[in-house]
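Input: a single structure, listed below in structure tokens.
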Amino acid sequence: MKTYDLVIIGGGPAGLSAGLYASRAKLKNIVLEKGDAGGQLATTNDIDNYPGSAENTNGPALSQRMKDQCVEFGSEFAKEELLSIEKKDKLFYLKTDKNEYEAKSVVIATGSNPKEIGCKGEKEFRGMGVSYCATCDGFFFKDLTVAVIGGGDSALEEGMFLTKLAKKVYVVHRRDEFRAAKSIQEKAFANSKMEFIYDSVVEEIKGDGVVNGITLKNVKTGELTNLSVDGVFVFVGYKPDSTLFEDMVEIDEIGFIIGDEEMKTKMEGIFVAGDVRQKMLKQVITAAADGAIAAVSAEKYIARVFE
Ligand code: NAP
């Protein structure tokens with residue numbers, strides 16, 4: 001059993017900031033991350049809106065710098081998946097796929113995962129033309145035609161990134177206006193490689209081993225049309241990764257964890273940070289801010305309860 005002051009679950013910007021602030025407060029802390037550090041930030045190409053980010057800052061580089069800074073100040077890292085967590089007396093006991101931990105306090109920074117559309121063919125062609133990450137898979141669609149599904153910031157930003165590789169990018173949105181920020185919409189509308197299809201949902205993703213087309217349904221007229229595409233990139237939002245904590249903290253109807261301004265949850269000693277928290281604005285900067293606050297709150301909690 002390994003013992004820590006603070007175990008941070010999740011290595012995105014929220015978890016990495018929590019690690020940095022915890023280390024600077026001299027808390028013995030570890031960041032558990034089942035994938036690679038960085039979370040969604042590591043799969044985002046251009047970062048334009050993190051204050052101070054230089055031109056052409058990319059997600060993988062920024063998350064690597066965040067991780068390096070954490071390690072420099074003393075955070076430990078483990079590539080492990082959390083399987084269970086329980087509280088006995090004042091201490092938390094966590095089991096991962098590789099280790100067992102005892103902690104005085106916990107920060108949940110598990111973030112969220114891409115949502116599926118739920119149409120026919122989506123599961124079948126996942127990895128065979130259906131993708132949820134333009135940075136990871138865009139390269140495979142060089143000079144090909146792809147469809148991006150969704151109308152938020154992710155759909156338009158990732159769609160614009162894909163125009164650097166693909167010869168044509170259709171953006172299919174279920175309404176007649178985008179949810180994305182106006183500044184992002186303006187850039188997308190000015191991109192000659194993008195074409196916008198409104199009021200339409202994907203009925204089916206089709207192919208022969210790999211994707212070769214989609215069937216779209218116009219939600220106003222009911223009309224079905226076929227579109228030839230080589231790939232489908234789905235950006236219809238994210239669902240929070242909170243299932244393991246359902247019995248310990250308060251969770252809203254979608255699955256977001258409720259935390260207050262100090263990132264405290266319903267369970268004493270558990271703090272929440274980043275995209276898994278119910279909040280208005282989900283950005284790298286708000287995730288990083290949450291992580292800093294959560295670590296400082298954990299420090300105060302440990303001083304009050306254990307010292
Ligand atoms: P989002 O804002 O929730 O947008 C999801 C989009 O997908 C919406 O346009 C929605 O349509 C559509 N949609 C949802 N379910 C669908 C379905 N089953 N079929 C078809 N379309 C569906 O998600 P996001 O764009 O991933 O952004 C998530 C958060 O991250 C947001 O807070 C966003 O601001 C932030 N973010 C920010 C940046 C940036 O600032 N540069 C970049 C990426 C993400 P409706 O509009 O009709 O609901």
Side-chain angles (χ1 to χ4, degrees), residues 10 12-14 17 38-63 66 109-118 130-138 141 146-166 169-202 231-241 254-256 273-291:
S17 296
Q40 276 181 53
L41 172 63
T43 61
T44 306
N45 206 57
D46 295 329
I47 307 293
D48 290 335
N49 55 4
Y50 190 70
S53 58
E55 210 179 326
N56 298 328
T57 297
N58 67 63
L62 184 58
S63 46
M66 286 182 179
T110 42
S112 53
N113 295 310
K115 263 174 39 187
E116 294 178 352
I117 322 171
V130 174
S131 169
Y132 301 82
C133 176
T135 312
C136 320
D137 299 326
F141 298 89
V146 299
V148 164
I149 318 301
D153 291 344
S154 300
L156 294 193
E157 289 224 317
E158 300 306 308
M160 283 189 278
F161 167 69
L162 286 167
T163 61
K164 294 179 189 169
L165 301 152
V169 176
Y170 291 103
V171 179
V172 177
H173 182 36
R174 65 182 178 183
R175 288 190 294 131
D176 60 2
E177 77 180 335
F178 286 114
R179 176 182 292 277
K182 292 282 178 265
S183 57
I184 296 176
Q185 290 191 37
E186 275 171 23
K187 276 207 255 173
F189 293 149
N191 190 316
S192 61
K193 282 190 174 178
M194 290 175 106
E195 188 174 327
F196 304 94
I197 302 174
Y198 297 98
D199 295 321
S200 298
V201 292
V202 183
V232 179
F233 284 83
V234 179
F235 295 108
V236 297
Y238 292 83
K239 54 178 184 306
D241 192 352
I254 302 173
F256 291 105
D275 280 9
V276 73
R277 182 169 83 87
Q278 185 196 62
K279 59 177 174 175
M280 189 269 273
L281 185 65
K282 297 190 183 72
Q283 300 276 308
V284 181
I285 185 160
T286 58
D290 283 3

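Counting begins at 1 with the first residue of the sequence. The analysis underlying the following values was restricted to heavy atoms, covering all of them including side chains, and did not include hydrogens, waters or symmetry mates.
One finds the CG atom of N191 at 7.5 Å from the CE atom of M160 (value rounded to the nearest 0.5 Å). Here Y50 contributes atom OH and M66 contributes atom CE; the two are 4.0 Å apart, rounded to the nearest 0.5 Å. With values rounded to the nearest 0.5 angstrom, S112 atom OG is found 11.0 Å from I254 atom CD1. Rounded to the nearest 0.5 angstrom, L165 CG and D137 CG are separated by 11.0 Å. With rounding to the nearest 0.5 Å, the separation of CG in N49 from CD1 in I285 is 8.5 Å.
At least one donor-acceptor pair closer than 3.5 Å links the side chain of T286 to the backbone N or O of Q283. Distance alone, capped at 3.5 Å, places no donor-acceptor pair between the S154 side chain and the F235 backbone. Between the side chain of E195 and the backbone N or O of Y170, no donor-acceptor pair lies under 3.5 Å. Here the side chain of D290 pairs a donor or acceptor atom with the backbone of G274 at under 3.5 angstrom.
Atom NZ of K279 is surrounded by more than 12 heavy atoms from other residues, nucleotides or ligands within 6.0 Å.
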Stepwise, does the side chain to side chain donor-acceptor pair (under 3.5 Å) test hold for T110 with D241?
CA-CA 6 Å; T110 42; D241 192 352; 5.1 Å; no
Begin from the C-alpha positions of F189 and F196 and carry the test ring-ring contact (aromatic ring centres under 6.0 Å, His included) through to its verdict.
CA-CA 9 Å; F189 293 149; F196 304 94; 5.1 Å; yes
Please report the C-alpha distance between V171 and F178 in whole Å, then the side-chain angles of each, then the deciding distance to 0.1 Å, and finally whether the side chain to side chain contact (heavy atoms under 4.5 Å, CB included) criterion is met.
CA-CA 10 Å; V171 179; F178 286 114; 3.9 Å; yes
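V234 has its side chain out of reach of E116: every pair of non-hydrogen atoms, C-beta onward, lies at least 4.5 Å apart. Using a 4.5 Å cut-off on side-chain heavy atoms (C-beta onward), I47 and N58 make no contact. Residues I197 and H173 fail the side-chain proximity criterion, which asks for heavy atoms closer than 4.5 Å. Between Y198 and E177 the shortest side-chain heavy-atom distance does not fall below 4.5 Å. A heavy-atom distance below 4.5 Å is found between the side chains of L62 and L41. The shortest side-chain heavy-atom distance between I117 and I149 falls under the 4.5 Å cut-off.
Taking all atoms of both residues into account, the shortest heavy-atom contact from T43 to T135 is O-OG1, 2.7 Å. In plain terms, the two heavy atoms of L162 and G138 that are nearest each other are CD2-CA, 3.7 Å. Between A42 and P60, the closest heavy-atom pair is O-CG, 3.3 Å. A155 and G151 get closest at one heavy-atom pair: CB-N, 3.9 Å. Across every non-hydrogen atom of A287 and P13, the tightest pair is CB-CB, 4.1 Å. Taking all atoms of both residues into account, the shortest heavy-atom contact from T163 to K193 is O-NZ, 2.8 Å.
Residues satisfying the side chain to side chain donor-acceptor pair (under 3.5 Å) criterion with K164, sequence neighbours excluded, are D46. By the side chain to side chain donor-acceptor pair (under 3.5 Å) test, D153 is found to be paired with no residue, residues two or more places apart in sequence or in another chain being considered. For F233, the ring-ring contact (aromatic ring centres under 6.0 Å, His included) test picks out F141, with sequence neighbours left out.
Ion pairing between R174 and D199 fails under the 4.0 Å rule for side-chain N and carboxylate O.
Cation-pi check for K282 over Y238 is not met; the charged atom does not lie both under 6.0 angstrom from the ring centroid and within 45 degrees of its normal.
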